[in-house]
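So the structure is just underneath, and the comments pick up after that.
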Amino acid sequence: AHDHIGITLQDDIAIDDVITVEMINIYGQLVKIIYNGNASKLKSGFNIPLPDVATGMYLIKVYEEDKLLIQSKLMVK
């Protein structure tokens, strides 16, 4: 089972940009904002702890300010 995830950001993202990582359920509802902070922490290899959630498929959305950078499926077992 996953207990944390790593996010790889593009090189052109400034370290002081604010990054928000959302965990969305299959119904499109926000489960939790699992990260909200500077890009520098993610660029240094920080792994984001995952909340204790039900088994199933989730969507991870990564935003820089209001711009969607990454959208990825995550299966929690």
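These values consider heavy atoms only, across backbone and side chains, with no hydrogens, waters or symmetry-generated copies.
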If you group Ile, Leu, Val, Met, Phe, Trp and Tyr by side-chain heavy-atom gaps below 4.5 Å, do [X] and [Y] land in one group?
X   : Y   : answer
I7  : F46 : yes
V62 : V31 : yes
V18 : I15 : no
L59 : L50 : no
V21 : V53 : yes

(message) Using modelled atom types and a 3.5 Å cut-off, is there a donor and acceptor pairing between side-chain atoms of Y27 and backbone atoms of L30?
(response)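 Flag not set: sc Y27 to bb L30 has no pair under 3.5 Å.
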(request) Give a yes or no answer on whether the side chain of K43 reaches the backbone of A14 with a donor-acceptor pair at less than 3.5 Å. (result)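 Between the backbone of A14 and the side chain of K43 there is no qualifying donor-acceptor contact (under 3.5 Å).
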Looking at [atom1] of [X] and [atom2] of [Y], how far apart are the two atoms once the value is rounded to the nearest 0.5 Å?
X   : Y   : atom1 : atom2 : answer
L9  : L42 : CG    : CG    : 5.5 Å
I19 : K67 : CD1   : NZ    : 9.5 Å
K61 : I24 : NZ    : CD1   : 5.5 Å
I13 : E65 : CD1   : CD    : 10.5 Å
N47 : I5  : CG    : CD1   : 8.5 Å
E22 : Y58 : CD    : OH    : 15.0 Å

(message) Quick check on D66: does its CG atom have over 12 non-hydrogen neighbours (other residues, nucleotides or ligands) under 6.0 Å away?
(response)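 Atom CG in D66 is not packed in, count stays at 12 or less.
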(message) How close do I34 and P51 get, counting heavy atoms only, and between which atoms?
(response)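 What the structure gives for the nearest pair is CG2-CD, 3.6 Å.
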(request) Might you work through the side-chain contact (heavy atoms from CB on, under 4.5 Å) test for M23 and L74, ending with a clear yes or no? (result) CA-CA 9 Å; M23 190 171 188; L74 175 71; 4.2 Å; yes
(message) I70 vs T8, test: side-chain contact (heavy atoms from CB on, under 4.5 Å). Steps then yes/no.
(response) CA-CA 9 Å; I70 303 167; T8 303; over 6 Å; no
(message) Using side-chain contact (heavy atoms from CB on, under 4.5 Å), reason through N38 and D17 one step at a time and then give a plain yes or no.
(response) CA-CA 6 Å; N38 289 345; D17 283 357; over 6 Å; no
(message) Let's go through H4 and I48 carefully: what are the C-alpha distance in whole Å and the side-chain angles of both, what is the deciding distance for side-chain contact (heavy atoms from CB on, under 4.5 Å) to 0.1 Å, and is it a yes or a no?
(response) CA-CA 5 Å; H4 62 272; I48 301 169; 5.8 Å; no
(message) Are P49 and D3 packed together at the side-chain level, in the sense that at least one heavy-atom pair is separated by less than 4.5 angstrom?
(response)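 They are not in side-chain contact.
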